[in-house]
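Some notes on the structure that comes next.
The model shown is predicted, which means the values in this text are computed figures rather than measured ones.
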Amino acid sequence: MRKIMYYVHQSLDGFVEGPNGEFDWAQLGPELGAYSMSLTERADLFLYGRTVWELMSSYWPNAEAMNPDQHAIEFAPVWRRTPKLGLSTTLRSADWNTRIIAPPTSSPRSRSSRARTSC
């Protein structure tokens, strides 16, 4: 059985985004960059929801040209070659070695029904 490793940037008070939904506060210095790469080296698949997939796929394919910092130079080729799995009810296809899967049904009524019966 494979392990799922969850890695996310969050502030000390537990928030991922700013008060207006922005994600402009995270700073990836050398120490955090090295830690991030050490986690990445152990991964054989990246797992994303639609929103994060759209953010990642808009940046990492050409990250070296947009932000030539050390982390971008090291991580961009890893991101491009690593298989990815997108979990979404709205995405139908994705590039960059990504497979999209969706739940068997996406109706709110069936999700509600499943939630009640799984208790």
Is there a path of hydrophobic side-chain contacts, each under 4.5 Å between heavy atoms of I/L/V/M/F/W/Y residues, joining [Y] to [X]?
| X | Y | value |
| --- | --- | --- |
| I73 | M37 | no |
| W79 | M66 | yes |
| L87 | L45 | yes |

Looking only at heavy atoms, which two atoms of [X] and [Y] are closest? And how far apart?
| X | Y | result |
| --- | --- | --- |
| T82 | F46 | CB-CE1, 3.6 Å |
| I100 | L91 | CG2-O, 3.4 Å |
| Y48 | M56 | OH-CE, 3.3 Å |
| N20 | E22 | N-OE1, 2.9 Å |
| R80 | P61 | NH1-O, 3.0 Å |

Check whether any side-chain N or O of [X] sits under 3.5 Å from a backbone N or O of [Y] as a donor-acceptor pair, and report yes or no.
| X | Y | result |
| --- | --- | --- |
| K84 | R99 | no |
| T98 | D95 | yes |
| T40 | S36 | yes |
| R50 | S88 | no |
| D69 | A72 | yes |

Going by the angle between their ring planes, with limits at 30° and 60°, are W60 and F75 parallel, tilted or perpendicular?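 Judged by the thresholds at 30° and 60°, the geometry between W60 and F75 is perpendicular.
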
Please tell me if the side chains of P30 and Y35 come closer than 4.5 Å, counting only heavy atoms from C-beta onward.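 Answer no - side chains too far apart.
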
Using side-chain heavy atoms (C-beta onward) and a distance below 4.5 Å, is L85 in contact with I101?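 Of all side-chain heavy-atom pairs linking I101 with L85, at least one is under 4.5 Å.
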
Could you give the distance from CD (E74) to CD (E41), rounded to the nearest 0.5 Å?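 E74 atom CD to E41 atom CD measures 9.0 Å (nearest 0.5 Å).
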
Should the heavy atoms of other residues, nucleotides or ligands under 6.0 Å from CG of L39 be counted, would the total exceed 12?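 Result for CG/L39: enclosed.
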
